[in-house]
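See structure below.
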Amino acid sequence: MDYDYYTSNNNGKDDYGLKYINDKGYGRICKEYKIEFPPQHQDKQPGMEYLMTPRPIFNNPYYRASGKLYNKVAIITGGDSGIGRATAIGFAKEGASVVIAYYDEHKDAEETKEFIERIGGKCLLLSGDIKDTNFCNKIIEETIKTFGKIDILVNNAGVQYQKKSLLDITDEQFDLTMKTNIYSMFYLTKKALKHLKSGASIINVTSITTFKGEPELIDYVTSKGAIVGFTRSLATNLADKNIRVNAISPGVFWTPLQPACWEAEKIPTLGSDAPMGRAGHPYEIAPLFIYLASDDSSYVTGQVIHINGGEYKG
């Protein structure tokens, strides 16, 4: 089915929540909205980028680096794909050596490493489960063994599962979501802390859903709210050591988490609620991570910075 020239004529059953889709691929909700992503779903979390259609845009070829992170060492969880991949590549462009901790998305991880090495960067891949404190120990130990220090920690990895009701969320799912999204952040940050020196930066990834609410992601939103509290409290605790702690709150971005979470019919309208009328691509958020990781943000700590196409102002 060619979604660029598709017009719904099935009494709305195949219009993906839109009122109609014209011959140029535009749908109408309460405004014109360009369909960029066809329906798709992946059955496994946290999702595979190489299976997505279209592929997320992770690299801005017009970006001009200036050595903002020269000789720095950064750990990025979930750095194999999506926002994590774009951040890892942005850090490498700015001169950082990058450690990517990921679950089992081996093809995505190898693609990211190959890209970083092609532009002259250094990248270490570590595969494992961040819910496991032993793996968190391994991330820190292997980083120190390979690069000798840690300057930047990006807690980015996470999972989300669409459920229509609180009653549909099992105890097992709630436990999995909390342990992946917030327990792992506690484990890894605690283990990294003794290696972080003055000027180091910790960047946590929360979500627009924390501030808006999302009725079908109750456990996910709960975990992301905890990240905001963790960020603000830790920032105050570490301020006298000149270790900065901030959070980034993305809106809807086209990453593997989307098809791995949402039912296929929801995908074409992702981002349609934003004033800019679209979802973001990972390359559009990477410069914010670079800013918070670099000395440009030397007087910024305890902040939650929003980037969401205008959907939430806060």
Side-chain angles (χ1 to χ4, degrees), residues 66-79 83-84 86-88 90-101 122-124 126 130 133 135-158 181-207 210 223-250 285-307:
S66 57
K68 292 179 185 291
L69 303 178
Y70 177 73
N71 201 35
K72 302 283 189 181
V73 175
I75 296 172
I76 305 172
T77 65
I83 290 173
T87 299
F91 281 7
K93 285 183 177 182
E94 289 290 353
S97 298
V98 181
V99 177
I100 291 176
K122 296 179 181 178
C123 178
L124 172 66
L126 297 172
I130 56 174
T133 57
F135 180 57
C136 291
N137 276 328
K138 179 181 178 180
I139 294 169
I140 301 305
E141 290 168 359
E142 291 297 318
T143 300
I144 296 300
K145 178 181 176 181
T146 304
F147 297 115
K149 62 174 183 170
I150 304 169
D151 301 293
I152 304 157
L153 173 61
V154 178
N155 290 303
N156 166 69
N181 295 0
I182 184 64
Y183 279 39
S184 65
M185 189 174 296
F186 169 79
Y187 296 151
L188 190 57
T189 304
K190 184 178 179 181
K191 295 177 191 307
L193 200 53
K194 66 180 180 180
H195 299 284
L196 300 180
K197 303 185 184 306
S198 176
S201 175
I202 300 169
I203 306 169
N204 302 321
V205 178
T206 180
S207 168
T210 298
S223 70
K224 290 297 181 174
I227 291 170
V228 172
F230 179 74
T231 298
R232 289 173 171 165
S233 296
L234 188 62
T236 303
N237 182 266
L238 296 178
D240 63 345
K241 297 179 175 60
N242 193 35
I243 296 174
R244 296 173 292 107
V245 187
N246 293 285
I248 293 176
S249 177
I285 198 171
L288 182 52
F289 285 87
I290 293 170
Y291 167 71
L292 290 176
S294 74
D295 291 340
D296 286 354
S297 60
S298 58
Y299 196 53
V300 179
T301 197
Q303 303 303 309
V304 179
I305 302 178
H306 298 270
I307 178 164

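Both backbone and side-chain heavy atoms feed into the values below; hydrogens, waters and symmetry mates do not. Everything numeric here is computed off the predicted structure, so don't read it as measured data.
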### Task
Any chance you could measure Asn156, atom CG, to Met185, atom CE, to the nearest 0.5 Å?
8.5 Å
### Query
For the residue pair Gly78 and Ala157, what are the closest heavy atoms and their distance?
N-CB, 3.7 Å
### Query
With Leu196, which of Ile152, Asp151, Leu238, Ile150 fulfils side chain to side chain contact (heavy atoms under 4.5 Å, CB included)?
Ile150
#### Entry: Contact check, side chains of Phe289 and Ile83, non-hydrogen atoms, under 4.5 Å
yes
### Query
Got a second to check how far Leu153's CG is from Ile203's CD1, nearest 0.5 Å?
9.0 Å
### Query
Rounded to the nearest 0.5 Å, how far does OG1 of Thr77 lie from CG of Leu126?
12.0 Å
### Task
Apply side chain to side chain contact (heavy atoms under 4.5 Å, CB included) to the pair Ile305 and Asn246, showing each step before the final yes or no.
CA-CA 8 Å; Ile305 302 178; Asn246 293 285; 5.7 Å; no
## Note on the structure
Minimal heavy-atom distance between Ala293 and Phe91, with the atoms involved, is CB-CZ, 3.8 Å
### Residues which pass side chain to side chain donor-acceptor pair (under 3.5 Å) with Ser184, listed by chain and number, not counting sequence neighbours
none
### Query
Looking only at heavy atoms, what is the nearest atom pair of Ile76 and Ala88, with distance?
CD1-CA, 3.5 Å
### Message
If the test is side chain to side chain contact (heavy atoms under 4.5 Å, CB included), which one of Leu292, Thr231, Thr206, Val304 qualifies with Ile248?
### Response
Leu292
### Message
So which atom in Phe186 and which in Phe230 form the shortest heavy-atom distance, rounded to 0.1 Å?
### Response
CA-CZ, 4.3 Å
### With Phe147, the side chain to side chain contact (heavy atoms under 4.5 Å, CB included) member among Ile75, Val98, Val99
Val99
### Task
May I ask you to check whether over 12 heavy atoms, not counting those of Tyr183, lie within 6.0 Å of atom OH?
no
### Task
Please determine which of Lys68, Glu94, Lys72 meets the side chain to side chain contact (heavy atoms under 4.5 Å, CB included) test together with Ser294.
Lys68
### Summary
Closest non-hydrogen atoms of Leu188 and Cys136, given as atom of the first, atom of the second and distance, are CD1-O, 3.7 Å
### Message
How close do Tyr291 and Val300 get, counting heavy atoms only, and between which atoms?
### Response
OH-CG2, 3.4 Å
### Distance in Å, Asn204 CG paired with Asn181 CG, rounded so as to fall on 0.5 Å steps
12.0 Å
### Message
I need the full list of side chain to side chain donor-acceptor pair (under 3.5 Å) pairs touching residues 189-201, with sequence neighbours left out, sorted by first then second residue.
### Response
Asn137-Lys191, Asn155-Thr189, Ser198-Asn242
#### Entry: Donor-acceptor pair, side chain of Lys224 and main chain of Val205, under 3.5 angstrom
yes
### Query
CG of Leu288 to CD1 of Ile307: how many Å apart, nearest 0.5 Å?
6.0 Å
### Task
Kindly compute the distance separating CD1 (Ile285) from CD1 (Ile290), expressed to the nearest 0.5 Å.
11.5 Å
